[in-house]
Each structure stands twice: as C-alpha cells, then as structure tokens.
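Here the structure is laid out as structure tokens; the discussion comes afterwards.
Side chains included, hydrogens not; waters and symmetry mates left out as well; all remaining heavy atoms used.
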Amino acid sequence: MGIAEERVVAVIMVGGPTKGTRFRPLSFNIPKPLFPLAGQPMVHHPISACQKIPNLARIYLIGFYEEREFALYVSSISNDLKLPVRYLKEDKPHGSAGGLYNFKDVIMEEDPSHIFLLNCDVCCSFPLPQMLDAHKKHGGMGTILVVKVSPESASEFGELVADPVTNELLHYTEKPETFVSDLINSGVYIFTPDIFTAIEGVSSQRKDRANLRRVSSFEAMQQDTRSLPANYVRLDQDILSPLAGKKQLYIYETMDFWEQIKTPGMSIKCSALYLSQFRHTSPHLLANGDGIKKACIIGDVYIHPSAKVHPSAKIGPGVSISANARIGAGARLINCIVLDDVEIKENAVVLHAIVGWKSSIGRWARVQASLEILILN
C-alpha cells in the first residue's frame, strides 16, 4: 500500500454518565467530555490534535452518552474542521478493547491502514504524527504513548518495561502492588487493523473456556477472568499484557506534559497546561491587554469573545473565561475557570476555583481554595 493510498482513522473513547463520577458535581450539568478546558470542550483538544494526522479520514467518538447530548457539538466540529466526526453510542459495557471491537464494521468502512485510539480524559500535547512515524519504523501491531512519572505515583497507572534500544514493549502490568517501572501507559495508542484479530482471539478463548464441561483447578482460581462475558475485553489486561515481549507492541515516549483529568481539581491544572500550549499552537486564542483600553493580562488567558471584562481588571495567569461572563472593575482572577453567564463584581478576587454557570461573586469578595479546588455552582 503506497503512502498516497493510506487512510487513518481516530477513535476517542469519551465514557459516559455512569463513569467518571469523580468529576461530579460538574458532570451533573454537562457531559464531562464537553466541559471547557482553556475555553474549549475537553474532547476538542484530542480532536484538534487528530487533525494533524496525515491522511486522516474520519474521527469517531465512542461512549455511553445519549446521541442528542453530542449532536450539536459533533455537527459544529465537523463543519469547523471540514472533517467527518461521528458519535457512536455503546449499548452496554464491552471493556476498553471490546468497545472498539463492537464498532469494528463501522471503523473498517474507511479501510484504514492505522487506527489511533485515545482516551478523552487525557491531557497532553498528543504527538500523533510523530507516533505514526515511529510506529511505521517498528512495524508491529501497536504503539503506546508512554510518559515517565514519579515512582510514588506510577502504581496508579499501567506500568511497563521496554527495550531501551528497540523500544519493544517487554512487560506490562496494570496498577501493580509493587513498583515495576516509572514508565506508564498514557492512554494514547496507534494500532493496525490486526488489533481486531487480537481482540477476537480473546473473545474466542473465553467462549471455548465457557463451553468446557470440566474446568481445571488452575482455571477455577481465575474467577476474575472466567466471570467476564466473552465480548468484554480489556485493552490492558487482555491485550497489552499477553502480547508484551512478542515483537507486536512498541512504545513512543513523550517528554512533554501529561495529566489525567479524573477530578474537577485536575481541570484547573489541565486548563492552564492547554493555555500554555496555545502559545505555540493557537496564539490567536490567547487574550492580551495592558490595563488601559483592555484588562491587564498576565500569562496565558482565554476570554470568550462574548465576555465583558472591565479594563481595570487584572486577569491571569491560567484563567479561562467562558461565554457571556462579566468581570467588574478592579477584579483579580488567578488560575481559575469562569463558566458561562457568571458575574464577578467590582474588586472581587478569585483564585484556584471553578466558578459555576450563572454564579455571582459579590463586590470585594475573596474566593480562594487552599488545598482543593473550590467549585461555586
């Protein structure tokens, strides 16, 4: 297959309302993937990164949300990017790999040579074209984006060991009880269509095991696996771990920022990271002002065009102000997310907080979180 003939598709897993409960109460008002970070919906950041993939044919969003919750956004982003984006609703849980396989026929309609798989709640620079180049050089079935973290936090993720020369994945374990490595799975992958064969193989093994009349004593001990439905396949335990060391999987390490967006508190940090990235990728989205005709802007700040900010206000760093917000004279905002229709009155101070939709902060009020992010809603 020549380079001109290659087609790539991207799949972004967006979860659903029964998952991601740690993001409450924000997810009560809006699907988590549509919550704004740096003025853009959370899912917009990986979608924008996918736009840079050569020969990208289509982007799929897979989740448990009702289609109507994503219809407006999907239509808007498809028009903006001039690229087909389609939402696919899962009917029931199939696991991280099973969910991909569940829509195999739809995904393969484009006859892709490569399939990117991303998790929506990952915050990073998404070096997808570089991953694709590395993947083609390795020639395996898949490549995993990995990042180095502190040994203390590594056990919260999938830890892995790779060959330092070839970058082949040699060992993978999900959330181990003892330290294995400070290299972790970042939740971003690229696969060839052979991934579907691997997933189908796991399902077939489960069906064969279920059909056995007599179960060995060893299998009887594996209750966690035996109790899973045949079509429920986990990417980490059922695919990555068994294929490690078989010259099928490789890694690509990013030296850039990486975070997981699991809680409201992390949204402040990730919003600031994306704002910082805008300096290089989308400088036109960043506000500017010297405090004379426009508000004084410090560092990286996003202000929606419909928001009204008094020239004497001081904004930043790490601030995102959403649609129809009103920021009064002398207000001071640092490291915060201000959502739609918020009013922050004269000389109010907001630090390290999320100010919820249609909230009002009074004159001379001070809103500041000490250890955790404060949410006003």
For this session: Give the intermediate values and the outcome of side-chain contact (heavy atoms from CB on, under 4.5 Å) for residues His352 and Ile268.
Result: CA-CA 7 Å; His352 313 298; Ile268 293 285; 5.5 Å; no

Steps toward side-chain contact (heavy atoms from CB on, under 4.5 Å) verdict (Leu160, His171): CA-CA 5 Å; Leu160 54 93; His171 178 70; over 6 Å; no

Using the salt bridge (Lys or Arg N to Asp or Glu O under 4.0 Å) rule, take Glu6 and Lys136 through it: C-alpha gap first, then chi angles, then the decisive distance, then the call. CA-CA 12 Å; Glu6 288 187 350; Lys136 290 178 178 179; 2.9 Å; yes

- Test side-chain contact (heavy atoms from CB on, under 4.5 Å) on Asp300 and Val319 and set out the steps. CA-CA 7 Å; Asp300 303 314; Val319 173; over 6 Å; no

For Ile195 and Ile199, run side-chain contact (heavy atoms from CB on, under 4.5 Å): C-alpha distance rounded to whole Å, both residues' side-chain angles, the deciding distance at 0.1 Å, then the answer. CA-CA 6 Å; Ile195 183 65; Ile199 298 171; 4.0 Å; yes

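In this structure, the salt bridge (charged side-chain N to carboxylate O under 4.0 Å, His left out) partners of Glu346, at least two apart in sequence or on a different chain, are Arg363. Residues that satisfy the salt bridge (charged side-chain N to carboxylate O under 4.0 Å, His left out) test with Lys247, not counting sequence neighbours, are Glu168.
Minimum interatomic distance between Val14 and Gly63 (heavy atoms only, all atoms of both residues): CG2-CA, 3.7 Å. Pairing each heavy atom of Gly99 with each of Ile62, the nearest pair is O-CD1, 4.0 Å. A pairwise comparison of heavy atoms in Lys345 and Gly362 identifies CB-C, 3.9 Å as the closest pair. Heavy atoms only, all atoms of each residue included: His94 and Lys92 are closest at ND1-O, 2.7 Å. When every heavy atom of Ala307 is checked against every heavy atom of Ser322, the shortest pair comes out as CB-O, 3.7 Å. Counting all heavy atoms, side chain and backbone alike, Ile115 lies closest to Pro193 at CD1-CA, 4.2 Å.
With contacts defined as side-chain heavy-atom distances shorter than 4.5 Å, the pair Lys32/Leu26 does not qualify. Using a 4.5 Å heavy-atom cutoff, the side chains of Leu37 and Ile261 are in contact. Between Val188 and Met131 there is a side-chain heavy-atom pair separated by less than 4.5 Å. Looking at heavy atoms from C-beta onward, Met13 lies out of side-chain contact with Ser96 at the 4.5 angstrom threshold. Between Leu275 and Val301, every side-chain heavy-atom pair lies at or beyond the 4.5 Å cut-off. You'll find the side chain of Tyr60 stays beyond 4.5 Å of the side chain of Val85, heavy atoms only. Contact check for His138 versus Asn167: side-chain heavy atoms found under the 4.5 Å cut-off. Taking 4.5 Å as the limit, every side-chain heavy atom of Cys123 sits out of range of all side-chain heavy atoms of His45.
Residue Ile303 is tested with Val338, Val309, Ile327, Asn288 for a side-chain contact (heavy atoms from CB on, under 4.5 Å); the sole match is Val309. Checking Leu61, Leu100, Leu88 one by one against Val11, the side-chain contact (heavy atoms from CB on, under 4.5 Å) holds for a single residue, Leu100.
The backbone N or O of Asn324 lies less than 3.5 Å from a partner atom in the side chain of Ser306, making a donor-acceptor pair. No side-chain donor-acceptor contact under 3.5 Å links Thr173 to the backbone of Glu159. Side-chain atoms of Lys246 come within 3.5 Å of backbone atoms of Pro242 as a donor-acceptor pair (strictly under, hydrogens ignored). Of the possible polar contacts, none joining the Ser282 side chain to the His284 backbone as a donor-acceptor pair under 3.5 Å is found. Of the possible donor and acceptor atoms, one in the side chain of Thr281 sits under 3.5 Å from a partner among the backbone N and O of Gln277. For His310 (side chain) and Ser312 (main-chain N/O), a donor-acceptor pair under 3.5 Å exists by modelled atom type. Side-chain atoms of Ser267 come within 3.5 Å of backbone atoms of Pro264 as a donor-acceptor pair (strictly under, hydrogens ignored). Under the 3.5 Å distance criterion, the side-chain polar atoms of Arg58 are left unmatched by any main-chain donor or acceptor of Val8. Of the possible polar contacts, one joining the Ser48 side chain to the His44 backbone as a donor-acceptor pair under 3.5 Å is found. The main-chain N or O of Val122 is never found under 3.5 Å from a side-chain atom of Asn119 such that the two would form a donor-acceptor pair.
Side-chain heavy atoms closer than 4.5 Å link hydrophobic residues (I, L, V, M, F, W, Y) into clusters, and following such links, even through other members, never connects Phe278 to Phe126. In the hydrophobic cluster analysis, where Ile, Leu, Val, Met, Phe, Trp and Tyr join through side-chain heavy atoms closer than 4.5 angstrom, Trp357 is grouped together with Met42. Under a hydrophobic-cluster definition in which Ile, Leu, Val, Met, Phe, Trp and Tyr are linked whenever side-chain heavy atoms come within less than 4.5 Å, directly or via other members, Leu339 and Tyr302 are assigned to different clusters. Linking Ile, Leu, Val, Met, Phe, Trp and Tyr whenever their side-chain heavy atoms come within less than 4.5 Å leaves Ile190 and Tyr250 in two separate clusters. In this structure, Leu145 is a member of the same hydrophobic cluster as Ile47, with clusters built from ILVMFWY side-chain heavy atoms closer than 4.5 Å.
Using modelled atom types and a 3.5 Å distance limit, the side chains of Gln130 and Tyr252 yield no donor-acceptor pair. Using modelled atom types and a 3.5 Å distance limit, the side chains of Tyr172 and Asn185 yield a donor-acceptor pair. There is no side-chain donor-acceptor pair under 3.5 Å between Glu67 and Tyr65. Checked by atom type, the side-chain pair Ser75/Ser78 shows no donor-acceptor distance below 3.5 Å.
For Asp121 and Lys262, the salt-bridge test passes: some basic side-chain N is under 4.0 Å from an acidic carboxylate O.
Below 30°, between 30° and 60°, or above 60°: for Tyr274 and Phe257 the angle between ring planes is above 60°, a perpendicular geometry. Taking the six-membered ring where the residue is Trp, Phe157 and Trp258 present perpendicular rings, their angle passing 60° and hence far from 30°. Taking the six-membered ring where the residue is Trp, Tyr189 and Phe191 present parallel rings, their angle staying beneath 30° rather than reaching 60°.
Atoms NZ and CD, from Lys148 and Glu253 in turn, are 5.5 Å apart once rounded to the nearest 0.5 Å. Between atom CD of residue Glu156 and atom CD of residue Glu174 there is a gap of 11.5 Å, rounded to the nearest 0.5 Å. The structure places OG of Ser241 at 8.5 Å from CG of Leu169, a figure rounded to the nearest 0.5 Å. The distance from the OG atom of Ser113 to the CG atom of Leu132 is 7.5 Å, given to the nearest 0.5 Å. For the atom pair CE (Met108) and CD (Glu110), the distance works out to 10.0 Å, reported to the nearest 0.5 Å. Between the CG atom in Leu243 and the CG atom in Leu249 there is a gap of 5.0 Å [rounded to 0.5 Å].
Enclosure of atom NZ in Lys314 is not indicated, since only 12 or fewer non-hydrogen atoms of other residues, nucleotides or ligands lie within 6.0 angstrom.
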